[in-house]
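The block underneath contains the structure these notes are about, expressed in C-alpha cells.
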Amino acid sequence: MKENEIAWDLSEIFSGHDDPKISKTMDSLHKQVEDFVKTYKGKINVPSFSAKDLYELFKKQEEFYENLEELALFSHRSYDANMTIPELEALKNKIDDFNTDTSKKMAFFELEIGKLVYSRKELVDSPILKDYRHFLEKIRRDVPHQLSEIEEQLILEKDQYGVKAWSSLQGKWLNTREFEVEVEGEKKVLSYGEANSLITHPDRATRISANKSIYGLLGKDQEVFSTALRNICSDWMKITKRRKYDSPMHQSLITNDTTQIIIDNLMKVIEENVGVYRRYLRLKAKLMNLPKLTCADVRAPIKAPSMKNRSWNQAKELVFEAYGNVDKEFERCVNDMITKNHIDAAVRKGKRNGAYCDSWNKGKSAFILLSFTGALNEIYTLAHELGHAIHAYLASNEQSYFNVFPGYTVAETASTFGELLMTDLLLNKADSNEEKRSLLAHVLDDAGQAAFQVSGRAWFEQSLYDAIENGENLDGPTISKYWCAGRDRIYGNSVEWFDEMIWEWTMKPHYYQPNFRFYNYPYVYAQLFVFALYRKYKEEGKSFIPKFKKLLSAGGSLSPVELGDIVGLDITKPDFWKLGIKQFEEFVNEFEKVMD
C-alpha cells in the first residue's frame with residue numbers, strides 16, 4: 001500500500017453511505033425508542049421498580065446506545081475522511097437529526113432514573129448493580145441540576161438553531177477564509193488548515209508570516225467571532241442559573257468526575273511553578289540564538305540535521321517497538337489497528353484537519369485519523385492516538401457501555417504515556433546530542449502547551465463569565481484584553497507577542513462548543529497526571545505495567561481518585577500535581593545537559 005493510500009476501512013460497520021443496513025438500523029432503533037417510551041415512561045420512579053429492574057433496563061439501554069453509536073461513528077468518520085462528497089455530508093446530517101430526535105424522546109430516562117437513584121440511595125450499593133456503582137454515583141451527582149422533561153426537550157430544540165448555529169458559524173467562517181502567507185520566500189494563498197500547519201514550520205520567517213497573516217485577518221473579522229462567543233457564553237450563564245450550578249465550571253466538574261478542590265489545587269500548583277516553563281523557554285531562546293522567543297518560536301521545532309522524515313513502514317516499526325518493549329498486549333492492540341486498516345493516515349483534499357481516535361465500543365476497537373507525511377511530530381501523533389486505541393481495547397473488553405469512557409481528565413492517560421514511551425525509544429536510538437535536543441524539545445513544547453499554555457486559557461474562560469456576571473459587554477477588544485491577561489500569567493515577559501496575537505482566541509473551537517464548557521483544565525490535569533504516572537513507571541520499571549493496565553481497563557467504572565489508588569497515588573493532594581511538575585523539570589534538566 002502506498003503512503004498516500006493509507007485509508008481506513010469502515011466496512012466492518014456499514015459497507016457504504018448507501019448500505020441498506022443503515023436504514024434498517026435506524027428503523028429498528030426508532031421502534032426500540034417507541035417500545036422504551038411505552039414500557040418505561042412514567043413507570044421507573046415508583047416503589048415497585050427494583051434493583052433487578054434497573055439492571056435489566058441498563059442492559060437494554062447499553063445495547064441500544066452501542067447500535068446508535070455505530071450510526072454516528074460511521075457517518076461522521078466517513079465525512080471527516082472525505083468532506084467534499086455531498087452524499088457523506090447528507091448522511092452525517094441525517095444521522096445527526098435522527099440522534100437529536102432520539103435524544104428528545106429518550107430525555108425522560110435521564111430524569112426518571114435520576115429521581116429513582118436520588119430518592120433511593122440504597123440502589124448504589126445493591127449487589128446486582130455492583131458493576132454500575134460509580135455510574136450510579138455520577139447520576140446522583142447530576143440529578144439536582146436536571147430540569148423537567150419539557151424544559152430538557154426545549155433546550156435541545158433551542159440549541160439546535162441557537163448555540164449550535166453560533167458554533168457552526170465560527171467553524172465555517174474560520175475554515176472558508178483565505179490567508180496570504182510567505183512560505184520560504186514565496187507568497188501563497190492558503191486555507192486556514194494549510195496556513196495553521198505552518199505555525200511549526202522549520203523556517204522562522206514562514207512561521208512569523210503565518211502567525212501575522214492568520215491573526216491579522218481573523219482580527220478584521222472579530223465582530224463575527226466576538227458575537228458568536230458572547231452569545232454562547234451568555235447562553236451558558238443562563239443555563240448555569242437555570243440548572244442551579246454553583247458556578248459556570250460546576251457542570252464540567254460533574255462531567256469530568258472531579259471536584260473544585262482538586263482543580264483548585266491543580267491550578268495553584270501550575271501558577272506556583274510557571275518559572276520552570278519560563279526557564280525552558282529561555283533555554284530554547286539561547287539555543288536558537290535569540291535574545292527572547294517570539295510567539296512564532298514557542299513551538300518552533302528544534303531540528304537535528306541527522307533526523308530525516310520516516311516512511312509509513314518505519315513509523316509502524318517504531319510504534320510496534322515502543323509499545324512492544326513495555327507489554328506484548330499493547331503490541332497486539334497496535335498490530336490489530338494496523339492490519340485491520342483502522343487508521344486513515346493519507347493526506348488528501350477535503351479531509352478533516354488534525355488527528356483523533358474514535359472508540360468503536362461494539363467492535364471492541366477504534367479508528368484513528370491523522371495526516372502522515374513522515375515528520376517527527378506525526379510519529380508522536382501516531383503513538384498518541386494508538387495509546388487511545390489501546391485504552392479503548394482494554395476498557396471495552398472489561399467494561400459494559402456505560403462504564404467504558406473514563407472521563408476527559410484521564411482520557412489522555414494512555415495516549416500521553418505512549419508519547420513518553422516513544423520518547424524513551426527515540427532517545428535510546430539517538431546518535432547525537434542534536435537528536436536528543438530535538439526529541440526533548442518536542443516533549444517540552446507539547447507538555448508546556450498542555451500543562452501551562454492551556455492553564456492560561458482556563459483563566460481566560462473564567463474571566464469571560466466573570467465579565468458577563470458583572471454586566472460587561474464582551475466586544476472583540478474586551479475579549480482580547482482577558483485573553484492577554486490569562487496568557488501573561490503563564491508567560492510573563494519570557495515571550496514577545498506580535499500585535500496580531502490579541503485575536504488568537506478567535507480560532508479556538510473549544511470556546512464555541514455548545515454546552516461543553518472548560519474543555520481546558522482536563523488537558524492540564526491529564527498532562528500532570530500522566531507525568532506523575534511516568535515517574536512511577538521509571539522508578540518501578542515493568543512491575544508498574546500490570547497496575548497501569550488495570551487502571552486503563554477500569555475505563556469509567558472507577559473515579560479518578562480510585563484510579564490513582566490503583567497505582568498508589570493520591571490525586572486529592574497538591575503534592576501529586578507537584579510530582580508531575582518534577583517530571584517536567586527533569587526533562588528541562590536533561591534538555592539543558594545536551595545543549596552544548
Side-chain angles (χ1 to χ4, degrees), residues 199-208 210-211 269-307 375-377 379-380 416 419-420 422-457 486-498 501 504 523-524 527-528 530-532 534-535 538 577-596:
I199 297 297
T200 56
H201 194 279
D203 178 59
R204 188 166 189 256
T206 299
R207 294 196 305 272
I208 292 172
N211 273 279
V269 167
I270 286 290
E271 189 154 28
E272 289 174 346
N273 289 277
V274 292
V276 68
Y277 181 46
R278 294 176 188 177
R279 176 185 159 214
Y280 165 63
L281 295 174
R282 288 193 294 270
L283 289 171
K284 186 173 182 179
K286 180 180 177 182
L287 186 65
M288 295 177 69
N289 295 316
L290 297 171
K292 181 189 290 189
L293 296 180
T294 71
C295 50
D297 304 313
V298 172
R299 300 210 66 218
I302 302 297
K303 289 291 185 180
S306 58
M307 293 183 70
L376 175 65
N377 67 301
I379 302 292
Y380 273 98
T416 306
E419 289 191 58
L420 293 170
M422 180 59 71
T423 299
D424 285 343
L425 176 66
L426 294 177
L427 284 173
N428 287 332
K429 290 178 176 288
D431 295 324
S432 66
N433 280 349
E434 279 187 330
E435 289 187 30
K436 291 178 180 178
R437 284 199 299 266
S438 179
L439 293 166
L440 289 166
H442 176 85
V443 171
L444 288 164
D445 286 343
D446 278 3
Q449 181 176 42
F452 292 99
Q453 185 191 76
V454 173
S455 293
R457 297 178 190 175
R487 179 191 73 190
D488 292 347
R489 284 173 73 175
I490 293 296
Y491 290 97
N493 64 357
S494 63
V495 172
E496 177 187 335
W497 300 91
F498 306 144
M501 301 306 289
E504 196 174 1
Y523 283 86
V524 185
Q527 189 66 54
L528 294 193
V530 177
F531 266 30
Y534 179 71
R535 280 188 75 84
K538 299 303 283 186
W577 305 113
K578 292 175 183 177
L579 194 63
I581 293 289
K582 286 178 182 177
Q583 182 57 54
F584 186 90
E585 187 172 23
E586 186 172 310
F587 280 131
V588 176
N589 293 339
E590 290 299 312
F591 181 76
E592 188 170 22
K593 287 178 185 177
V594 297
M595 280 186 62
D596 298 327

Quick one: salt bridge (charged side-chain N to carboxylate O under 4.0 Å, His left out) partners of Lys303, sequence neighbours excluded? none
Sub-4.5 Å side-chain heavy-atom contact between Met501 and Asn211: yes
To the closest 0.5 Å, what do you measure between CG (Leu287) and CG (Asp297)? 11.5 Å
Candidate pair Val443 and Glu419, rule side chain to side chain contact (heavy atoms under 4.5 Å, CB included), full reasoning: CA-CA 8 Å; Val443 171; Glu419 289 191 58; over 6 Å; no
Lys/Arg N to Asp/Glu carboxylate O, Glu585 vs Lys582, below 4.0 Å: no
Is any side-chain heavy atom of Met288 closer than 4.5 Å to a side-chain heavy atom of Ile302? yes
Consider salt bridge (Lys or Arg N to Asp or Glu O under 4.0 Å). Of Lys429, Lys538, Lys436, which one does Asp424 pass it with? Lys538
Would you say that Asp488 contacts Trp497 through its side chain, given a criterion of any heavy-atom pair below 4.5 Å between the two side chains? yes
Measuring from atom CD1 of Ile581 to atom CG of Asn273, what distance do you get when rounded to the nearest 0.5 angstrom? 4.5 Å
Taking the side chain as every heavy atom from C-beta outward, state whether Leu376 and Leu426 have any pair of such atoms under 4.5 Å apart. yes
To the nearest 0.5 Å, atom CD of Glu271 lies from atom CD1 of Ile490 at 7.0 Å
If the condition is salt bridge (charged side-chain N to carboxylate O under 4.0 Å, His left out), which residues does Asp446 pass it with, not counting sequence neighbours? Arg299
Distance from Ser438 atom OG to Asn433 atom CG, nearest 0.5 Å? 12.5 Å
So, do Gln583 and Val530 sit near enough that their side-chain heavy atoms are less than 4.5 Å apart? no
Results of salt bridge (charged side-chain N to carboxylate O under 4.0 Å, His left out) for Lys286 - residues two or more places apart only: none
Separation of Glu590 CD from Glu592 CD (nearest 0.5 Å): 10.5 Å
Mind checking the CG-OH spacing from Leu420 to Tyr380? Nearest 0.5 Å is all I need. 8.0 Å
Trace of the side chain to side chain contact (heavy atoms under 4.5 Å, CB included) decision for Tyr491 with Leu293: CA-CA 11 Å; Tyr491 290 97; Leu293 296 180; over 6 Å; no
Whether Arg535 and Glu586 form a salt bridge (side-chain N of Lys/Arg under 4.0 Å from carboxylate O of Asp/Glu) is what I want to check. yes
Is there side-chain contact between Ile270 and Gln527, with at least one heavy-atom pair below 4.5 Å? no
Hey, are the side chains of Val298 and Asp445 touching, using non-hydrogen atoms and a 4.5 Å cut-off? no
For Tyr277 and Phe452, take the angle between the two ring planes, folded into 0 to 90°, and tell me which bin it lands in: parallel under 30, tilted 30 to 60, perpendicular over 60. parallel
